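To start, the structure itself, in structure tokens.
Because the structure is a prediction, the values reported are computed rather than measured. Chain letters run A, B, ... following the sequence lines, proteins first, then strands; residues in each count from 1.
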Amino acid sequence: MPISLYNSLSRRTEPFTPLDPHRVTVYLCGPTVYNYVHIGNARGPAVFDVLVRLLRRHYPQVVYARNITDVDDKINAAAQAQGVAIDTITEKFAQAYREDMAGLGIAVPDIEPHATAHIAPIVAMIETLIASGHAYAAEGHVLFDVDSYPAYGALSGRDTEELIAGARVEVAPYKKNPADFVLWKPSSPELPGWHSPWGIGRPGWHIECSAMSAAHLGETIDIHAGGIDLLFPHHENEIAQSTCAHGGKVFARWWMHNGMLTFDGRKMSKSLGNVLLVHELLQQHPPEALRLRLLSGHYRQPLDWSDGAIAQAVNTLDGWYRVLRDLAGIELPAGTLPVPDRVEAALCDDLNTPQALAELSQLADQARLEGNARTKAALLGGGALLGLLQQEPEAWFRRGENGVDAAHVEDLLLQRRSARAARDFARADAIRDELTALGIVIEDGAQGTRWSVLKR
RNA sequence: GGCCAGGUGGCAGAGUGGUCAUGCAGCGGCCUGCAAAGCCGCGUACGCCGGUUCGAUUCCGACCUUGGCCUCCA
């Protein structure tokens, strides 16, 4: 089944064809590790996780890189504010990031390059740019010469004239063109710095991604992804640097951008202060419901975050897991689960996860109705491609049963069973009330009474 | 000011020139000792105004409106 993906560069959906079908390359701009990430930061990793899962079904090898930016002025500021070493900050939050992503069911990327481990290739790339007339050194800085690259602005659809007119930044006096951006900047002794032909300094943000991408994936990659807010200037600058450093070779063949996650109708961002940390949300809600919510809108659309939306996701998962719980006794043949065509077709159509989820609902209906191995496998297989429905149904229904004494619950249920058998319904209902007070929901079924922990 | 996306039923959220999205919630019925779950049924949604068309939520234009980028940002 062919995959079509929207390409921000051409502004249209195009059939996806990798440069080398034996090695598909994907790069996602990762976090700058100076704090816990918020749920908006997780949207890209979540949707492109599904993309990578899809690609792996189609191609024998997919190399997926998601970087860690561990040199940055915000990191320096955080370290200084807390009076600790830079490494303390970056290691702590890089690890927190990995845990948060794992909590959301996001698979570990093949490569997780760190910027500080790539200073040599960064310096080499800058030297190449200077040698070829695309960059210049000035007052300890090295700047990219935007005028040397006529195609600058092609991705974001703006020209340098407008940029200057609309610029809200003070223009450094050493810049030839106000739109020129920093490749290398000088470091004072208290800041992290590396020796370079331009003195002790550190790399600018944009060049890191260009260098790491080339180091691990090659000069031309298939897909470069990130949030729409990175389209300009970050991705525009990456294109300029990489293309000029690589003799005009195409840098990324597909550019994919996820829409922003909003909260109270505004983009969730640290500067606005309207953030919800993944770290905390994972404690407050079933992680799978967070993932479902992140996938419930098309990746290019804005997605609003709210408690109500999480509650809906929890209810939806309740329904799906209920079906799987009813089918717990049905054995599936060993081996990988089949992926239903309709789910795959939805994802092949520019990663239409809402459509895929609609299909999953249909599959759940079928499984509930037919209750056989085929329909159960289809539901689980479709879920697997989306990274959903992979836990035991009982685990879902008894999540967070902290404080719940399972033996006590079973004992009460036994008593209630006796009461019902004796048609003492008042007693039976009293026991049910007692269980409700404990946060236990029960259901009488053909095979006996089931219990679940009330959703937290 | 420039560039770019949106505005779909109570909520979430796809999609399409003319038959159905889907889910959550709600309502009615069946079932159940009662619940819950399940099953059956229900709701004349496509910002506004024009235009094209036999027919537009879907195409075109204007307008209103929300948001993103132009500065760090997923």
Side-chain angles (χ1 to χ4, degrees), chain A residues 8 11 28-32 34 37-48 66 69 72-74 77 153 156-159 161-170 179 205 225-236 257-262 265-272 275 292-306 308-320 322-323 325-326 346 349 352-362 364-365 368-369 419-420 423-426 428-429 432-433 436 441-446 449-452:
Chain A
S8 302
R11 291 161 204 231
L28 174 66
C29 288
T32 299
Y34 67 97
V37 294
H38 60 71
I39 190 69
N41 294 309
R43 191 177 186 194
V47 299
F48 296 118
R66 189 182 68 202
T69 295
D72 181 271
D73 288 350
K74 286 184 176 171
S156 55
R158 49 192 98 197
D159 61 58
E161 303 287 320
E162 285 172 6
L163 287 175
I164 300 159
R168 284 189 261 154
V169 242
E170 275 185 50
W205 175 42
I228 187 75
D229 54 347
L230 296 188
L231 189 138
F232 187 88
H234 186 52
H235 291 161
E236 192 73 63
H257 294 97
N258 61 276
M260 295 294 97
L261 187 141
T262 59
R266 312 214 67 186
K267 173 186 173 183
M268 185 178 286
S269 74
K270 287 166 189 158
S271 49
L272 285 172
V275 299
L292 174 58
R293 178 59 193 160
L294 287 175
L295 299 178
S296 66
H298 186 90
Y299 75 95
R300 284 193 278 119
Q301 297 290 100
L303 184 77
D304 196 54
W305 195 264
S306 67
I310 302 174
Q312 281 195 15
V314 171
N315 287 343
T316 300
L317 287 166
D318 271 341
W320 292 344
R322 208 137 46 205
V323 173
R325 182 169 62 174
D326 286 341
D349 179 16
N352 192 337
T353 52
Q355 185 61 47
L357 293 169
E359 302 296 348
L360 213 55
S361 284
Q362 301 302 301
D365 285 345
R368 184 167 46 234
L369 238 51
R420 293 182 72 210
R423 304 197 65 78
D424 180 358
F425 295 120
D429 289 350
R432 183 165 59 198
D433 290 345
T436 304
V441 178
I442 64 172
E443 291 171 34
D444 296 322
T449 301
R450 285 201 172 113
W451 63 278
S452 313

If only side-chain N and O atoms of A/Asn315 are considered, is one of them under 4.0 Å from the OP1 or OP2 phosphate oxygen of B/G23? no
Pick base, sugar-phosphate or nothing for A/Gly308, based on heavy-atom distances below 4.0 Å to the nucleic acid. nothing
In terms of side-chain heavy atoms of A/His298, which of B/A74, B/C4, B/A14 is nearest? B/A14
Using atom C1' of each nucleotide, how far apart are B/C20 and B/A37 to the nearest Å? 26 Å
Protein-to-nucleotide contact annotation, 5' to 3' order, nucleotides 28-39 of chain B [B base; S sugar-phosphate only; - none; under 4.0 Å, heavy atom]: -----BBBBSSS
Just jot down the ring pair (Phe, Tyr, Trp, His ring centres under 6.0 Å) partners of A/His235, sequence neighbours excluded, or say none. A/His224, A/Trp255, A/His257
If I take atom CD in residue A/Gln312 and atom P in nucleotide B/G13, what distance separates them, rounded to the nearest angstrom? 9 Å
Residues which pass ring pair (Phe, Tyr, Trp, His ring centres under 6.0 Å) with A/His298, listed by chain and number, not counting sequence neighbours: none
Quick one: A/Leu303 CG to B/C11 C1', roughly how many Å, whole number? 14 Å
Closest of B/G23, B/A74, B/C72 to the A/Gln362 side chain is B/G23
Give one of base, sugar-phosphate or nothing for A/Gly227, where a contact means two heavy atoms less than 4.0 Å apart. sugar-phosphate
Listed by chain and number, what are the side chain to side chain donor-acceptor pair (under 3.5 Å) partners of A/Asp424, not counting sequence neighbours? none
Ignoring hydrogens, what is the shortest heavy-atom contact between A/Lys267 and A/Leu272? Give both atom names and the distance. O-CD1, 3.3 Å
For A/Ser306, answer base if it contacts any base atom (sugar-phosphate contacts may also be present), sugar-phosphate if it contacts only those atoms, and nothing otherwise; contact means non-hydrogen atoms under 4.0 Å. nothing
Residues at least two apart in sequence or cross-chain that pass side chain to side chain donor-acceptor pair (under 3.5 Å) with A/Thr262, listed by chain then number, are A/Asp304
Value in whole Å for how far the P atom of B/U22 lies from CD of A/Gln355: 10 Å
Heavy atoms under 4.0 Å, any strand shown: does A/Leu230 hit a base, just sugar-phosphate, or nothing? sugar-phosphate
P-based separation of B/A21 from B/U16 [nearest Å]: 14 Å
Within-4.5 Å side-chain heavy-atom neighbours: A/Arg368 and A/Asp326: no
For atom P, what is the distance between B/C49 and B/C40, given to the nearest Å? 39 Å
When you measure from the side-chain N and O atoms of A/Lys267 to the phosphate of B/C69, is any distance below 4.0 Å, counting only OP1 and OP2? yes
A/Glu359 near the nucleic acid: base, sugar-phosphate alone, or nothing, with a heavy-atom cut-off under 4.0 Å? nothing
Does a nitrogen or oxygen in the side chain of A/Arg293 sit under 4.0 Å from OP1 or OP2 of B/G13? yes
Stems in RNA chain B, runs of 3 or more consecutive Watson-Crick or G-U wobble pairs with both distances under 3.5 Å, sorted by first number, are B:1-7 with B:64-70, B:10-12 with B:22-24, B:26-30 with B:38-42, B:49-51 with B:59-61
Check: A/Cys29 and A/Thr69 side chains under 4.5 Å, non-hydrogen atoms: no
Between B/C34 and B/G10, how far is it from one P atom to the other, in whole Å? 34 Å
Taking the P atom of each, how far is B/G23 from B/C42, in whole Å? 14 Å
Which nucleotide in B/A12, B/A14, B/C70 has an atom nearest any side-chain atom of A/Arg158: B/C70
Take the protein atom CG of A/Leu272 and the nucleotide atom P of B/G67, then report the distance between them rounded to whole Å. 11 Å
Do A/Arg420 and A/Asp444 make a side-chain contact, defined as non-hydrogen atoms from C-beta onward lying under 4.5 Å apart? yes
In whole angstrom, give the distance that lies between atom CG of A/Asn258 and atom P of B/C4. 20 Å
Which of these nucleotides, B/C72, B/G68, B/G13, is closest to any side-chain atom of A/Met260? B/G68
When you compare B/G18 with B/A56, how far apart are their P atoms, in angstrom units rounded to a whole number? 11 Å
At under 4.0 Å between heavy atoms, what does A/Leu357 touch on the DNA or RNA strands: base, sugar-phosphate, or nothing? nothing
Please give the distance between the C1' atoms of B/G28 and B/U66 as a whole number of Å. 38 Å
With P as the reference atom in both, quote the distance from B/A36 to B/A25 in angstrom, rounded to an integer. 12 Å
Given atom CZ of A/Arg266 and atom P of B/G6, what is their separation to the nearest angstrom? 20 Å
